[in-house]
Amino acid sequence: MESNEKIVTRLHVDEPLSKGTSVGLDHGRAHFLRTVLRLKPGALIALFNARDGEWRARIDGLGKGWCSLSVLDQSREGEETPDIWLIFAPIKRARLDFLVEKATELGCVRLLPVFTRHTAVDRVNTERLRANVREAAEQCERLSLPEVSDPLALDQLLADWPEERRILYCAEAGEAQPISECLADLQPGSSWAILVGPEGGFSGEERSGLSHLSFCTAVSLGPRILRSDTAALAALACWQSALGDWSVRPHRSGAEA
Ligand code: SAM
C-alpha cells in the first residue's frame with residue numbers, strides 16, 4: 001500500500017503509541033483485519049487513543065488470532081473533549097444500541113445507565129455497550145472512547161454525585177426552562193451531565209427529589225413528548241452546539257478550526 005494512500009481503518013488501542021513501538025492486537029481485532037478486511041502485511045491502518053492521538057501503523061504480520069503492527073508516525077495529536085456525560089434509563093436493546101452509538105458520535109465522554117422507578121429493563125449488557133461505543137468512536141474519528149459505567153439506581157448515583165458537575169435534567173413534566181434559554185446563560189468549559197428518564201417517565205417522587213438538588217436544572221425539549229433516545233440525543237446536540245466543540249471542523253476536512 002502506498003504510504004500516502006488514505007487510511008480508512010482506525011482502531012482504538014490502550015497501549016502507548018509512539019514512533020517505532022510495536023502493538024499487538026487481540027483475537028477479535030486480528031480477525032477483523034485479516035478475515036473481514038483481508039488486509040495483508042505491509043498494509044497501513046490508524047491506531048489511536050485520547051492520550052497519544054492518532055498514529056499511522058504498518059501491519060508487520062498477522063495470522064489466526066494475532067496481528068503485530070509497527071507504529072510509524074503521528075497524524076493527529078491528543079485532544080481535549082468537552083466534558084459532557086449522559087445519565088440515561090436503559091431502554092430496550094435495539095434502541096439502547098442506537099442511543100449509545102449516537103451519544104458517542106455526539107461526543108459524550110461518559111455513559112451512565114441508571115435504574116429509575118419506571119425503567120422497563122432490569123439488566124444492562126455493559127460489555128456490549130462498550131463494544132458499540134468503541135466501534136462508533138472508530139467510525140466517527142473521535143480520539144477518545146466514552147466510558148460506560150455499570151448501572152446504578154438513580155438515587156444511589158445522585159447520593160454520591162460530584163456537586164461541581166451540573167445536571168441538565170430533561171423534565172417532561174413540571175416546571176422546566178427551555179433548554180436553549182438555559183444554555184444561553186452558561187459559559188463553555190465546565191463539567192455537565194444530561195439526565196433522561198425511561199419510556200415511562202420519571203415518577204412524581206423522582207421529579208420532586210430532582211427539583212430540590214442544587215446541581216440539577218430542569219429543562220424542556222419542547223411541547224412534544226420525545227422517546228428517551230430522542231430526548232437524550234436532542235439534549236446532547238443542544239449542549240454540544242451551545243457549549244461543546246461544534247465550532248471545530250472534522251479533522252479530515254482539512255479546514256482550519
Ligand atoms: N411516560 C412519559 C409520558 O408519557 O408523559 C414520557 C417519558 S419520555 C418517553 C422519556 C424521557 O424523555 C422523559 O423522562 C424525559 O427525560 C425526556 N423527555 C421527553 N420529552 C421531553 C420534553 N418535551 N421535555 C423534556 N424532556 C423530555
Side-chain angles (χ1 to χ4, degrees), residues 83-126 129 132-133 146 148-149 151-163 165-186 191-244 246:
D83 193 3
I84 182 70
W85 292 0
L86 174 64
I87 312 165
F88 62 99
I91 46 185
K92 293 193 179 60
R93 176 178 171 142
R95 301 185 81 90
L96 182 57
D97 291 349
F98 175 84
L99 171 59
V100 300
E101 178 185 80
K102 300 312 161 197
T104 300
E105 292 173 45
L106 288 169
C108 196
V109 169
R110 187 173 174 191
L111 291 158
L112 302 97
V114 287
F115 293 123
T116 66
R117 177 88 172 62
H118 298 313
T119 299
V121 301
D122 54 12
R123 62 180 297 278
V124 178
N125 181 338
T126 46
L129 299 189
N132 286 349
V133 299
V148 178
S149 299
L152 281 176
L154 178 60
D155 52 3
Q156 209 183 335
L157 178 79
L158 295 175
D160 291 342
W161 190 260
E163 296 211 3
R165 182 178 292 273
R166 303 289 309 276
I167 296 178
L168 283 177
Y169 139 52
C170 297
E172 76 276 17
E175 282 298 303
Q177 190 183 10
I179 190 168
S180 53
E181 276 178 30
C182 171
L183 294 175
D185 299 340
L186 301 172
S191 301
W192 281 87
I194 287 166
L195 167 63
V196 174
E199 290 308 317
F202 288 109
S203 71
E205 193 186 336
E206 285 164 343
R207 283 207 302 274
S208 162
L210 287 163
S211 65
H212 288 96
L213 294 175
S214 60
F215 50 83
C216 243
T217 305
V219 289
S220 170
L221 298 172
R224 287 167 292 283
I225 292 292
L226 310 177
R227 281 188 174 273
S228 297
D229 42 346
T230 314
L233 300 176
L236 269 172
C238 291
W239 189 91
Q240 276 296 7
S241 175
L243 300 178
W246 278 9

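Counting begins at 1 with the first residue of the sequence. Read the numbers this way: they start at 1 and go in the same order the structure lists the ligands and their atoms.
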Atoms of ligand 1 close to [X] [distance to a heavy atom under 4.0 angstrom, numbered from 1]:
{"X": "Gly201", "value": "1 (N), 7 (C), 14 (O)"}
{"X": "Ala171", "value": "24 (N), 25 (C), 26 (N)"}
{"X": "Ala231", "value": "12 (O), 17 (C), 18 (N)"}
{"X": "Val219", "value": "25 (C)"}
{"X": "Arg224", "value": "20 (N), 22 (C), 23 (N)"}

Q: Kindly confirm or rule out an N or O of Leu195 lying under 3.5 angstrom from an N or O of ligand 1.
A: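 No; every N/O pair is 3.5 Å or more apart.
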(Q) Tell me whether the rings of Trp161 and Phe215 are parallel (<30°), tilted (30 to 60°) or perpendicular (>60°). (A)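 If you compare the ring of Trp161 with that of Phe215, the planes turn out parallel.
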Q) Going by atom types only, do Ser208 and Ser211 share a side-chain donor-acceptor pair under 3.5 Å? A)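 No pair is found: no donor N or O on one side chain lies under 3.5 Å from an acceptor on the other.
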Q: Return the residue, atom name and 0.1 Å-rounded distance of the protein heavy atom closest to atom 13 (C) of ligand 1.
A: Glu172 OE1, 3.1 Å
Q) For atom 24 (N) of ligand 1, which protein heavy atom lies nearest, and how many Å away is it? A) Leu221 N, 2.9 Å
(Q) I'd like to check Leu157 versus Phe115 (side-chain heavy atoms, cut-off strictly below 4.5 Å). Are they in contact? (A)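 No, too far: nothing below the 4.5 Å cut-off.
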Q. Heavy atom of Ala176 under 4.0 Å from ligand 1?
A.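 Distance cut 4.0 Å: Ala176 fails for ligand 1.
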**Q.** Results of ring-ring contact (aromatic ring centres under 6.0 Å, His included) for Phe88 - residues two or more places apart only
**A.**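 Counting only residues at least two positions away or on another chain, Phe88 forms no ring-ring contact (aromatic ring centres under 6.0 Å, His included).
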